[in-house]
Amino acid sequence: MHKTAHIGNTKPKAASNKRKRKAATRAGYNLPLKRQKKDQSSAFKRKLLMASLEILCLGITAILIIMILLGYSANRLTGTSFFSNLLPFAVGVLALIVAACIFIIGWWKLRKWLQLHSELWTPMLSIVLALLLASSVTHDQFAQAYGNFRTLVGGKKEAGRVTLAHQVYAAYRRHNLTQLQKMIGRAQAYQQAIEDASKAFGVDVQLLQGIAAAESSFIPRNSHDGGRGLFQITHPPKTAVDQTFKQLNTDRLSLNNPRHNAFIAAATFKHYLSEMKGDPFLGLLAYNIGPANGGLRFIMQQYGATDFITVQPYLQTLPRDYPIRVLSYALAFRLWQKEGKLLAYEKDNNAIHIQRIGIPGLHTEL
């Protein structure tokens with residue numbers, strides 16, 4: 001009886017042990033499976049990050065190389081002769097495409113070999129290549145190549161901008177640097193007012209300084225032609241005056257107050273710059289002409305002029321060189337701010353360096 005009972009009791013225990021073993025087996029398999037999936041997800045994210053970094057750096061490298069090579073080629077092969085200029089440039093572009101294909105094939109093979117040693121090597125190598133090319137951006141030689149590339153892509157519009165920019169550089173070169181230095185010294189007394197006006201109306205502070213330099217040489221006065229104060233304000237647009245009242249939070253404006261004068265000038269310049277769709281040459285010209293003869297917009301519509309170059313023959317006695325003078329002064333203020341001194345344009349490699357720094361308002365900085 002005892003023996004039979006003992007044998008009968010072994011069946012529930014065996015079933016219980018079997019269930020426990022199955023549960024343990026499931027638990028033993030499930031835990032590593034979760035870890036495995038988590039590890040696979042982390043590995044995928046890491047590979048994706050490495051691949052994205054590699055592609056980004058290679059893309060930056062390729063873009064910089066294209067700009068440099070096409071810029072240098074455009075400079076060396078400038079002209080319209082088919083055999084001397086156009087054909088060699090087309091052959092050069094074809095050679096660049098072939099070289100790019102060879103590089104991609106070579107990189108793919110190198111990538112496979114490097115991946116056998118470490119997955120970090122290919123992204124690190126691409127970063128080094130990008131940094132080496134990016135370091136050339138600060139060199140004046142790259143600025144020259146980049147300028148040629150801009151002219152190549154920009155076509156007629158960029159060629160016109162470059163022509164006008166060199167007129168500004170030539171005007172700066174003709175300035176007496178000693179006199180310019182004295183004028184910059186006088187400007188310090190009005191620096192805060194001009195900076196505040198620049199921020200209030202969202203216009204370039206160096207352009208405002210250039211306008212003040214051209215108008216009064218930072219010697220505020222009342223002129224016989226009606227000009228008043230630092231910016232020689234005459235007939236500002238009503239909208240500019242209203243905006244100035246609002247910005248200064250006052251019910252009375254005094255043109256003999258340098259701060260008020262600067263705010264009205266900034267509002268007036270912004271008004272004409274918007275009217276001329278952001279073109280700094282036309283904006284400055286419109287600022288100088290004011291409402292005379294119907295204003296610059298009327299003159300351009302009357303003669304069908306579309307830009308600063310095409311409108312110049314119709315200005316007659318109006319000061320067509322005004323924007324050039326203003327921008328040459330603005331350039332001087334930019335050089336003073338960035339270099340701490342005024343550079344002689346014709347000395348050493350200063351011309352290329354100044355061109356790399358660029359003219360305020362012309363978006364020529366790299």
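Numbering starts at 1 and runs along the sequence shown.
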>> Can you confirm whether more than 12 heavy atoms, excluding those of Arg221, are under 6.0 Å from its CZ atom?
In response: yes

> Is any side-chain heavy atom of Ile60 closer than 4.5 Å to a side-chain heavy atom of Leu129?
Replying inline: no

> Which word best sums up how the rings of Tyr287 and Phe269 line up, parallel for under 30°, tilted for 30 to 60°, or perpendicular for over 60°?
Replying inline: perpendicular

> Where do Thr306 and Met300 land on the side chain to side chain contact (heavy atoms under 4.5 Å, CB included) test, with the steps shown first?
Replying inline: CA-CA 7 Å; Thr306 57; Met300 294 180 69; 5.5 Å; no

> Quick one: are the ring centres of His260 and Phe263 less than 6.0 Å apart?
Replying inline: no

> Does the side chain of Leu315 come within less than 4.5 Å of Ile289's, by heavy atoms?
Replying inline: yes

> Is the distance between the ring centroids of Tyr272 and Phe281 less than 6.0 Å?
Replying inline: no

>> Any salt bridge linking Arg46 with Glu119? Criterion: basic side-chain nitrogen under 4.0 Å from a carboxylate oxygen.
In response: yes

>> Between Gln191 and Glu195, is the side-chain hydrogen bond (donor to acceptor under 3.5 Å, both in side chains) condition met? List the steps.
In response: CA-CA 6 Å; Gln191 179 70 20; Glu195 286 183 356; 2.6 Å; yes

>> Determine whether Leu110 and Leu114 satisfy the following criterion, side chain to side chain contact (heavy atoms under 4.5 Å, CB included), listing intermediate values before the conclusion.
In response: CA-CA 6 Å; Leu110 177 63; Leu114 291 175; 3.8 Å; yes

> Take atom NE2 in His117; do more than 12 heavy atoms of anything else shown fall under 6.0 Å from it?
Replying inline: yes

>> Could you check whether Lys246 pairs with Asp242 (Lys NZ or Arg NE/NH1/NH2 to Asp/Glu carboxylate O, under 4.0 Å)?
In response: no

> Do Glu339 and His353 pass the side-chain hydrogen bond (donor to acceptor under 3.5 Å, both in side chains) test, and can you show the C-alpha distance, the side-chain angles, and the key distance before you say yes or no?
Replying inline: CA-CA 11 Å; Glu339 302 292 325; His353 183 61; 3.0 Å; yes

> Donor-acceptor pair, Thr250 side chain versus Arg252 backbone, under 3.5 Å?
Replying inline: yes

> Is there a side chain to side chain contact (heavy atoms under 4.5 Å, CB included) between Asn85 and Phe89 once you walk through the steps?
Replying inline: CA-CA 6 Å; Asn85 309 107; Phe89 184 79; over 6 Å; no

> Should the heavy atoms of other residues, nucleotides or ligands under 6.0 Å from CE of Met50 be counted, would the total exceed 12?
Replying inline: yes

> Can you hop from Met67 to Leu58 via hydrophobic side chains spaced under 4.5 Å?
Replying inline: no

> Does a donor on one side chain and an acceptor on the other come within less than 3.5 Å for Trp336 and Gln209?
Replying inline: no

> Does a sphere of radius 6.0 Å around CG in Asn349 hold more than 12 heavy atoms from other residues, nucleotides or ligands, not counting ones at 6.0 Å or beyond?
Replying inline: no

> Do Arg186 and Met183 touch side chain to side chain, with heavy atoms closer than 4.5 Å?
Replying inline: yes

>> Is it the case that the side chain of Ser84 and the backbone of Ser81 share a donor-acceptor pair, with hydrogens and angles ignored and the cut-off at 3.5 Å?
In response: no

>> Is the shortest side-chain heavy-atom distance between Arg228 and Thr234 below 4.5 Å?
In response: no

> So do Leu164 and Leu327 actually touch side chain to side chain, heavy atoms under 4.5 Å?
Replying inline: no

> Relative to each other, are the rings of Tyr172 and His175 parallel, tilted or perpendicular (30° and 60° limits)?
Replying inline: perpendicular

>> What verdict does the side-chain hydrogen bond (donor to acceptor under 3.5 Å, both in side chains) test give for Glu215 and Tyr329, after you've listed the backbone C-alpha separation in whole Å, the side-chain angles of each residue and the deciding distance to 0.1 Å?
In response: CA-CA 11 Å; Glu215 294 288 351; Tyr329 286 127; over 6 Å; no

> Any donor and acceptor pair, going by atom type alone, linking the side chain of Asn261 with main-chain N or O of Phe231 inside 3.5 Å?
Replying inline: yes

>> What I want to check is whether the side chains of Asp196 and Gln192 have a donor and an acceptor closer together than 3.5 Å.
In response: yes

> So, Arg297 and Glu275, do they make that salt bridge, N to O below 4.0 Å?
Replying inline: yes

> Which distance, rounded to the nearest 0.5 Å, do you find between the CZ of Arg259 and the CD1 of Ile194?
Replying inline: 11.5 Å

> Would Leu70 and Val93 satisfy side chain to side chain contact (heavy atoms under 4.5 Å, CB included), going step by step from the backbone distance to the final call?
Replying inline: CA-CA 8 Å; Leu70 290 183; Val93 172; 4.1 Å; yes

> Does Phe201 reach the side chain of Gln247, with side-chain heavy atoms less than 4.5 Å apart?
Replying inline: yes

